[in-house]
Amino acid sequence: PVWLARARGADETQWPGIDRGDAASDFSNELPDNGGYINMGAYGNTVHASRSPIEYVLVTLPDGGEVWPADQTFPIRWRTEPVIVPGTAADYRARILADSPVGYWRLGEAVGPTASDETGSHDGVYTDGPLLGQGSVFPLDDSVYFDGIDDRVVIPDAPALNPAQITVEAWVNPTADIANYGGILSKTTSTAWNDGFGLMHYTNQNVRFFVNQYSTNYVTTQVTPGVWTHLVGTYDGSEIRLYANGFLVDSMEFSDPINHSSADAAIGSDTAGNTRNWKGELDEVALYDTALGADDVLAHYNLGPNGQGN
């Protein structure tokens with residue numbers, strides 16, 4: 001006989017049953033997916049260990065070595081890991097609409113000029129050529145790229161866009177070279193930013209949500225260029241809050257009524273004029289006449305690509 005030697009490789013086959021070694025043993029040398037336990041046998045804690053999916057039920061008692069009398073009860077113990085079912089664009093849309101926005105612009109059109117409001121009430125107009133049909137926060141969906149020069153969506157003023165309480169929500173993906181001062185969704189009279197409200201890029205990848213005055217009544221956080229971030233700004237008449245990726249990141253006490261502007265609302269600009277524009281992609285922009293609670297904000301984020309899904 002002739003021995004045909006060959007190099008051993010990693011086992012790509014998944015074998016949940018073999019992932020049953022001593023729970024106290026190290027398995028750090030096993031390649032993903034390693035199932036959370038050391039493999040039984042000679043290849044445990046080596047790069048040659050069989051794969052084991054984490055999303056399964058593992059019975060830990062009985063372990064196969066016991067003898068149980070017939071017709072007797074005995075305990076069964078198991079461990080599980082959560083199975084994450086990612087949210088889809090349809091799931092996300094349904095949840096947003098269930099929370100009754102006054103305006104919801106998904107920015108998923110393949111052609112303009114209309115930026116449709118999913119509530120059917122406040123359609124906007126793509127202005128000065130933003131790039132439609134860009135990669136979305138959701139697979140197989142679209143977003144809009146704004147050039148930071150003049151691209152924007154103009155939404156005509158309406159009483160429903162001037163609520164006493166407010167939530168502004170968007171998924172944002174800025175470029176690394178975004179200039180200072182660029183609107184995400186805002187409704188304010190001028191570049192002085194001294195009335196109305198706005199969710200906007202301020203400087204150096206910092207975003208602000210302000211009410212009435214950008215330099216005093218605001219909350220802030222930082223975003224990363226080239227990465228989608230879920231942002232939600234709220235005002236309930238007593239506190240301004242900002243959430244990023246599902247969690248509260250900044251808040252301040254404030255109780256003045258919103259001094260609303262009669263200007264049009266704008267996406268991708270801080271006013272409806274051609275000034276202070278966003279550079280990068282925007283997606284799934286919404287406006288509410290209530291201040292969403294923390295649980296609602298987290299539920300929205302969890303239906304995104306990096307959340308806990310359903």
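Residue numbers run from 1 in the order of the sequence given.
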> Would a distance-only check, ignoring hydrogens and angles, find a side-chain to backbone donor-acceptor pair under 3.5 Å from T290 to L292?
Replying inline: no

>> Nearest 0.5 Å, please: how far is CG in D117 from CD1 in I155?
In response: 8.0 Å

>> Which residue in the set D264, T127, D128 passes side-chain hydrogen bond (donor to acceptor under 3.5 Å, both in side chains) when paired with R152?
In response: D128

> Just by modelled atom types, is the S50 backbone N or O under 3.5 Å from a matching donor or acceptor in the N39 side chain?
Replying inline: yes

>> Below 30° counts as parallel, above 60° as perpendicular, anything between as tilted: where do the rings of Y92 and F138 land?
In response: tilted

> Do I166 and F209 have side-chain heavy atoms sitting under 4.5 Å apart?
Replying inline: yes

> When rounded to the nearest 0.5 angstrom, what is the spacing between NE2 in H201 and CG in N180?
Replying inline: 6.0 Å

> Is a side-chain N or O of T46 found less than 3.5 angstrom from the main chain of H48, in a donor-acceptor match?
Replying inline: yes

> Would you call R95 and D91 a salt bridge, taking side-chain N to carboxylate O under 4.0 Å as the test?
Replying inline: no

> Does the side chain of S143 pick up a donor-acceptor pair with the side chain of Q134 at under 3.5 Å?
Replying inline: no

> Is the closest side-chain heavy-atom distance between V211 and F254 below 4.5 Å?
Replying inline: yes

>> Which residue is it: N259, N212, T188? I am looking for the one with a side-chain hydrogen bond (donor to acceptor under 3.5 Å, both in side chains) to D195.
In response: T188

> Where the side chain of E284 meets the backbone of S136, is there a donor-acceptor pair that is under 3.5 Å apart?
Replying inline: no

> About how many Å separate CG of L199 and OH of Y218, when rounded to the nearest 0.5 Å?
Replying inline: 14.5 Å

> Does any N or O in the side chain of K187 come within less than 3.5 Å of the main-chain N or O of S261, such that one atom is a donor and the other an acceptor?
Replying inline: yes

> Any sub-3.5 Å donor-acceptor pair from E239's side-chain atoms to E253's backbone N or O?
Replying inline: no

>> Test of understanding: clusters of I, L, V, M, F, W, Y form through side-chain heavy atoms closer than 4.5 Å, transitively. Do I258 and V219 belong to the same one?
In response: yes

>> For a 4.5 angstrom cut-off between non-hydrogen side-chain atoms, does T234 reach Q165?
In response: no

>> Would you call the rings of H230 and W171 parallel, tilted or perpendicular, taking 30° and 60° as the class edges?
In response: tilted

> So, are D147 and K279 salt-bridged, with charged N and O less than 4.0 Å apart?
Replying inline: no

> CG/N245 to CG/N302 distance, rounded to the nearest 0.5 angstrom?
Replying inline: 10.5 Å

>> Regarding Y126 and E109, do their side chains bring together a donor and an acceptor under 3.5 Å, going by distance alone?
In response: yes

> Can any side-chain N or O of S186 pair as donor or acceptor with the backbone N or O of D270 at less than 3.5 Å?
Replying inline: yes

>> Has Q213 got a side-chain atom pairing as donor or acceptor with S215's backbone, closer than 3.5 angstrom?
In response: yes

> With a distance cut-off below 6.0 Å to the six-membered ring centre and an angular limit of 45° from the axis, does R276 pair with W193 as a cation-pi contact?
Replying inline: yes

> Would a 4.5 Å heavy-atom cut-off, applied to side chains only, mark V144 and F146 as touching?
Replying inline: yes

> Does the pair Y288 and I96 meet the rule for a side-chain contact (heavy atoms from CB on, under 4.5 Å), with working shown?
Replying inline: CA-CA 10 Å; Y288 306 77; I96 299 302; 3.3 Å; yes

> Within a radius of less than 6.0 Å around CG of D177, do more than 12 heavy atoms belonging to other residues, nucleotides or ligands occur?
Replying inline: yes

> Does the side chain of L161 reach to within under 4.5 Å of the side chain of L287, using non-hydrogen atoms?
Replying inline: yes

> In terms of side-chain geometry, is the basic nitrogen of R93 or E118 positioned less than 4.0 Å from the acidic oxygen of its partner?
Replying inline: yes

> Counting only N and O atoms by type, is there a donor-acceptor contact under 3.5 Å from the side chain of T175 to the main-chain atoms of G280?
Replying inline: no

> Checking side-chain contact (heavy atoms from CB on, under 4.5 Å) against P174, which of I184, L282, V223 comes through?
Replying inline: V223

>> Are Y181 and Y202, when compared by the centres of their aromatic rings, separated by less than 6.0 Å?
In response: yes

>> Between R106 and D141, does any NZ, NE, NH1 or NH2 come within less than 4.0 Å of an OD or OE carboxylate oxygen?
In response: yes

